[in-house]
Chemist: 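Next up is a structure, given as structure tokens.
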Amino acid sequence: ELSEKIDGTNIRIEWNGHKVSFAGRTDKAQIPVELANRLFESFGGNEHEELFEQKFGNLNVILFGERIRS
């Protein structure tokens, strides 16, 4: 099955060895508030940062994602 991206939002979830942060495809991109809240619920806060630390330690890690509008 093939699909084509028509419109979407590119997201970076970054772990710098100490803290989780979120960004768009570029550093100038603005993340919609609804999406930023959802990202924080899913990946942010102390509990999630502890999981990133356990899994990745001091490594710099970037997870790339894309929100596709339906």
Chemist: Output the rest of the hydrophobic cluster of Trp15: all Ile, Leu, Val, Met, Phe, Trp and Tyr residues reachable through side-chain heavy-atom contacts under 4.5 Å, sorted by chain and number.
Modeler: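 Trp15 shares its hydrophobic cluster with Ile11, Ile13, Val20, Phe22, Ile31, Leu35, Leu39, Phe40, Phe43, Phe52, Phe56, Leu59, Val61, Leu63.
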Chemist: Can you sort out the partners of Asn16 under side-chain contact (heavy atoms from CB on, under 4.5 Å), two or more places apart, ordered by chain and number?
Modeler: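 So Asn16 forms a side-chain contact (heavy atoms from CB on, under 4.5 Å) with His18, Lys19, Asn60.
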Chemist: Residues in side-chain hydrogen bond (donor to acceptor under 3.5 Å, both in side chains) with Glu14, at least two apart?
Modeler: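 Scan of Glu14 (side-chain hydrogen bond (donor to acceptor under 3.5 Å, both in side chains), adjacent residues dropped) gives Arg12.
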Chemist: Enumerate the residue pairs fulfilling salt bridge (Lys or Arg N to Asp or Glu O under 4.0 Å) with a member in residues 32-44, sequence neighbours excluded, ordered by first and then second residue.
Modeler: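 Salt bridge (Lys or Arg N to Asp or Glu O under 4.0 Å) check on residues 32-44 returns Glu34-Arg67.
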Chemist: Running the 4.5 Å side-chain criterion over Ile, Leu, Val, Met, Phe, Trp and Tyr, what cluster does Phe64 land in, apart from itself?
Modeler: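 When side chains under 4.5 Å apart are linked, the cluster holding Phe64 also contains Ile62.
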Chemist: According to the side-chain hydrogen bond (donor to acceptor under 3.5 Å, both in side chains) rule, which pairs have a member within residues 43-53, sequence neighbours left out?
Modeler: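 Residue pairs with at least one partner in residues 43-53: there are none.
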Chemist: Where is the tightest heavy-atom contact between Gly24 and Ala29, given as atom of each residue plus distance?
Modeler: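 Gly24 and Ala29 have their closest heavy atoms at CA-CB, 3.8 Å.
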